[in-house]
Amino acid sequence: MTITDAIDGKVTCELPIERIHLNRVGSVHGGLLSTLVDIGGSLAICAKGMHATGVSTDLNVSFLNAAKEGDVMSMQDAECVKLGKTLAFTIIDIKSKGNNKLIAQGRHTKYVALAHKDDKNIIKW
């Protein structure tokens, strides 16, 4: 996976789909898409200035279309929509880079109260 852009609370990444990413019917495995939602949400929190990103409390993924080997998936604007004292809320769209088709949408909530105490954070509470 390659990070292609990062700004305040938003990250864009790309991942070329290889055979190892596929399920038995030849499309991207749902577990991989769920992992990308997890990673995308965490990276979006990092893009807010957090070194520590907390622990997951909720992860939701809607699988909308298939992606195949050779496709390039893009996590477009994985975004931290709210960074609070206790929880952070993120949204992630995963699209096919070639045709911009929405493959999956995810929401990831993380408990960040302890993460705010990390001395390496850029943002201070």
Side-chain angles (χ1 to χ4, degrees):
M1 185 173 71
T2 303
I3 297 172
T4 58
D5 193 28
I7 58 172
D8 183 30
K10 291 185 179 182
V11 176
T12 301
C13 306
E14 292 181 358
L15 176 70
I17 302 305
E18 301 173 5
R19 184 177 178 150
I20 195 168
H21 302 129
L22 306 179
N23 58 25
R24 290 185 184 193
V25 297
S27 62
V28 172
H29 195 284
L32 174 65
L33 294 168
S34 298
T35 299
L36 292 176
V37 168
D38 188 332
I39 293 168
S42 295
L43 289 174
I45 294 169
C46 284
K48 281 286 203 185
M50 298 285 288
H51 178 264
T53 63
V55 296
S56 299
T57 61
D58 184 56
L59 186 106
N60 172 281
V61 184
S62 296
F63 306 104
L64 304 168
N65 286 292
K68 306 285 184 191
E69 184 175 3
D71 290 347
V72 176
M73 287 194 308
S74 175
M75 282 191 295
Q76 297 179 351
D77 292 331
E79 181 177 5
C80 180
V81 293
K82 180 177 183 199
L83 176 59
K85 290 182 180 179
T86 305
L87 295 173
F89 301 88
T90 66
I91 54 173
I92 299 89
D93 284 350
I94 301 172
K95 296 183 177 183
S96 174
K97 186 176 178 183
N99 59 16
N100 212 33
K101 185 185 289 186
L102 188 59
I103 305 301
Q105 282 187 316
R107 295 185 179 276
H108 187 199
T109 305
K110 298 190 82 171
Y111 174 75
V112 293
L114 297 177
H116 280 301
K117 297 177 183 179
D118 191 310
D119 290 336
K120 294 179 183 174
N121 290 341
I122 294 170
I123 190 172
K124 301 297 180 193
W125 286 84

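Atom OG1 of Thr90 sits about 9.5 Å away from atom CD of Glu79, to the nearest 0.5 Å. To the nearest 0.5 Å, atom CG of residue Asp77 and atom NZ of residue Lys10 are 5.0 Å apart. Atom CG of Asn65 is separated from atom NZ of Lys68 by 10.5 Å, given to the nearest 0.5 angstrom. How far CG of Asp71 is from NE2 of His21: 12.5 Å, rounded to the nearest 0.5 Å. For the atom pair Leu114 CG and Thr86 OG1, the distance stands at 9.5 Å (nearest 0.5 Å). Within the model, atoms OG1 of Thr2 and CE of Met75 stand 10.0 Å from one another, a figure rounded to the nearest 0.5 Å.
The two atoms that bring Val37 and Asn60 nearest to each other are CG1-O, 4.4 Å, heavy atoms only. Minimum interatomic distance between Ser34 and Phe63 (heavy atoms only, all atoms of both residues): OG-CZ, 3.9 Å. Of all the heavy atoms in Thr12 and Ser74, the pair that sits closest is CG2-OG, 4.0 Å. Across Ala115 and Asn121, no two heavy atoms sit closer than the pair O-ND2, 2.8 Å. Across all non-hydrogen atoms, the minimal contact from Leu87 to Tyr111 is CD2-CA, 3.8 Å. Nearest heavy-atom pair, Lys95 versus Ile103, reported as atom, atom and distance to 0.1 Å: C-CG1, 4.0 Å.
Contact check for Asp58 versus Arg107: no side-chain heavy atoms found under the 4.5 Å cut-off.
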Let me check something: any side-chain donor-acceptor pairs from residues 42-52 under 3.5 Å, sequence neighbours excluded? List them with distances.
from  : atom 1 : to     : atom 2 : distance (Å)
Ser42 : OG     : Asp38  : O      : 3.1
Ser42 : OG     : Lys110 : NZ     : 2.7
His51 : ND1    : Asp118 : OD2    : 3.2

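Not a single salt bridge (Lys or Arg N to Asp or Glu O under 4.0 Å) links Glu69 to another residue, sequence neighbours left out. Evaluation of the side chain to side chain donor-acceptor pair (under 3.5 Å) rule for Ser27 yields Asn23 as partners, not counting sequence neighbours. Qualifying side chain to side chain donor-acceptor pair (under 3.5 Å) partners for Lys97, counting only residues two or more places apart in sequence or in other chains: Glu14. Legend: residues meeting side chain to side chain donor-acceptor pair (under 3.5 Å) with Ser56, ordered by chain and number and at least two apart, are His108.
Under a 4.5 Å side-chain heavy-atom criterion applied to ILVMFWY residues, the cluster that includes Leu64 comprises Leu102 as well.
Put simply, Val28 and Val72 are part of two different groups of oily side chains (I, L, V, M, F, W, Y) that touch within less than 4.5 Å, one to the next.
His29 places no side-chain N or O within 3.5 Å of a backbone atom of Ile20 that could act as its donor or acceptor partner.
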